[in-house]
2 protein chains.
Amino acid sequence: MHKEHTLTKNQQIIFDLIDKSPEPMKAYSILFNVQKKGIKAPLQVYRALDKLVEIGKIHKIESRNAFIACHNSSCQVANATAFSICEVCEKVTEISSVGLSKYLANFKDKDGMKYSKYNLEFFGLCKKCR
Amino acid sequence: MHKEHTLTKNQQIIFDLIDKSPEPMKAYSILFNVQKKGIKAPLQVYRALDKLVEIGKIHKIESRNAFIACHNSSCQVANATAFSICEVCEKVTEISSVGLSKYLANFKDKDGMKYSKYNLEFFGLCKKCR
DNA sequence: TTACATAATGTTATATTATAACAATTTAAT
DNA sequence: ATTAAATTGTTATAATATAACATTATGTAA
């Protein structure tokens, strides 16, 4: 569960937009959508995004340079994320699997090193596109 | 194991450079390094990179926008990749774990869907930086 | 070996993603 | 109230990536 944070004005505006979006949003699409609310510059968007990622309210889909709201209430550790991405329609779904997250958190590399932070992106076809 | 491909001139030049590099290389760093060999434009680099990724000779580190040569000879499926990334020195190592790749290839999401393609990036501190 | 399709190249321009630098303002904790 | 930390606003620019089009090379089948 996330530590509660009071979002600032810009953070709240941008989080609300991403949270309402059915698909991941790109930074400049966000910018375009919040210009009527007074957020005029890319940096204002990126700063809010950085903070929202940091506190775990949103995640970045690295392979797509896009952002989605976190809907994974069982998420114990921020920055331990897994997604499925449809290669046809680009639908992205956050995966919340206790088994998967335990497996990855306990995975040891050949030096015996464990990692609490990771990002996993699965690629395939979603139900609709199959 | 990779299907053998004969690389074209540009692909070979760029692959050799990445292959020799001890760390992931970024596209414009590659461009700078191959200009003396006649590759002058970003697009020439990106086209070679796209092809090299497609045939599995290199991988893209998505969170870093950088490319490394594949040294994972046990890699059965191109585009099923795992890396560890040091958050201090940015050292990147490809992980070749049969257990991990089997686990991920057999992982089923809540719809019962399996994925043969994935990209996993672990973040932490490398041996040196620990 | 010619014809044809496919892939790769070269080139210019431009789109997209992201950060640097600095001043001003707000917020939260003494 | 004072002050440190975080956030905001703003301009400029850096870094990453693709569009569009003309040309050349390569592989394959008649």
Side-chain angles (χ1 to χ4, degrees), chain A residues 2-18 21 23-68 85 87 90 92 119 121, chain B residues 3-18 21 23-68 78 85 87 90 92 119 121:
Chain A
H2 306 126
K3 180 165 179 299
E4 285 311 317
H5 282 264
T6 309
L7 300 184
T8 65
K9 182 169 135 284
N10 287 3
Q11 289 162 11
Q12 189 71 56
I13 290 168
I14 287 173
F15 175 74
D16 288 345
L17 180 66
I18 297 171
S21 171
E23 67 240 1
M25 294 194 75
K26 309 198 122 209
Y28 277 71
S29 161
I30 293 167
L31 175 59
F32 178 81
N33 277 277
V34 297
Q35 277 178 328
K36 53 195 147 206
K37 303 215 169 166
I39 296 175
K40 289 171 189 159
L43 200 42
Q44 296 176 286
V45 172
Y46 280 104
R47 284 197 284 225
L49 290 173
D50 286 350
K51 192 70 188 180
L52 290 167
V53 167
E54 184 192 324
I55 64 181
K57 299 280 289 181
I58 65 172
H59 303 301
K60 182 172 187 182
I61 310 301
E62 292 287 356
S63 67
R64 299 299 187 263
N65 299 318
F67 300 85
I68 64 169
I85 303 173
E87 288 180 303
E90 292 292 323
V92 173
N119 181 58
E121 297 179 4
Chain B
K3 183 168 178 300
E4 285 311 317
H5 281 265
T6 309
L7 301 185
T8 64
K9 182 168 134 284
N10 287 2
Q11 289 162 12
Q12 189 70 57
I13 289 168
I14 287 172
F15 175 73
D16 287 344
L17 180 65
I18 296 170
S21 171
E23 67 240 0
M25 293 195 75
K26 310 199 122 207
Y28 277 72
S29 161
I30 292 166
L31 175 59
F32 178 80
N33 276 276
V34 296
Q35 277 178 327
K36 53 194 146 204
K37 302 213 170 169
I39 297 175
K40 289 172 189 159
L43 201 42
Q44 296 175 287
V45 172
Y46 280 105
R47 285 197 283 225
L49 290 173
D50 285 351
K51 193 70 190 179
L52 290 167
V53 166
E54 184 191 326
I55 65 181
K57 299 280 289 179
I58 65 171
H59 303 303
K60 182 173 186 182
I61 309 301
E62 292 287 357
S63 67
R64 300 298 187 262
N65 299 317
F67 300 85
I68 64 169
I85 302 173
E87 288 180 302
E90 292 292 322
V92 173
N119 181 59
E121 297 179 4

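Quick note on labels: first sequence line is chain A, next is B, and so on, each numbered from 1. FYI, side chains are in, hydrogens and waters are out, and symmetry mates aren't considered; it's all heavy atoms of this structure.
- Between the C1' atom of dA15(D) and the CE atom of M25(B) lies a distance of 15 Å, rounded to the nearest Å.
- At whole-Å resolution of the value, CG in N65(B) and C1' in dT18(D) are 14 Å apart.
- You'll find that the side chain of R47(A) is closest to dT8(D), out of dA18(C), dT16(D), dT8(D).
- By the stacking rule of 5.5 Å between ring centres and under 30° between planes, Y28(B) stacks on the base of dT16(D).
- Taking atom CD of Q44(A) as the reference point, atom P of dT19(C) lies 16 Å away to the nearest angstrom.
- The listed nucleotides are dT9(C), dA18(C), dA17(D); the one nearest the side chain of Q11(B) is dT9(C).
- Picking from dA18(C), dG10(C), dA17(D) the nucleotide with the shortest atom distance to the side chain of N10(B) gives dG10(C).
- Here the P atom of nucleotide dA17(D) and the CD atom of E62(A) are 12 Å apart, to the nearest Å.
- The CZ-C1' distance, from R64(B) to dT17(C), rounds to 16 Å in whole Å.
- Of all heavy-atom pairs spanning F15(B) and I58(B), the tightest one is CD1-CG2, 3.8 Å.
- Nearest approach of I14(B) to V45(B), heavy atoms of both residues: CD1-CA, 3.8 Å.
- In this structure, K51(A) places its NZ atom 10 Å from C1' of dA5(D), rounding to the nearest Å.
- Expressed to the nearest 0.5 Å, how far NZ of K51(A) lies from NZ of K57(A) amounts to 13.5 Å.
- Considering all non-hydrogen atoms of both residues, A66(A) and K26(A) come closest at CB-CG, 4.3 Å.
- For K40(A) and dT10(D), the NZ to C1' distance is 10 Å, given to the nearest whole Å.
- Remark: side-chain polar atoms of E121(B) are not paired, donor with acceptor, to backbone N or O of I61(B) under 3.5 angstrom.
- Summary of the strand contacts: K26(B) and T8(A) both lie near DNA chain D, and taking for each the nucleotide with the nearest heavy atom, the more 5' one is attributed to T8(A).
- Residue order along DNA chain C, read from the 5' end via each residue's closest nucleotide, puts A48(B) first among A48(B) and P42(A).
- The side chain of K9(A) lies closest to dG9(D), out of dT17(C), dT9(C), dG9(D).
- Rounded to a whole Å, the CG atom of L43(B) is 11 Å from the P atom of dG10(C).
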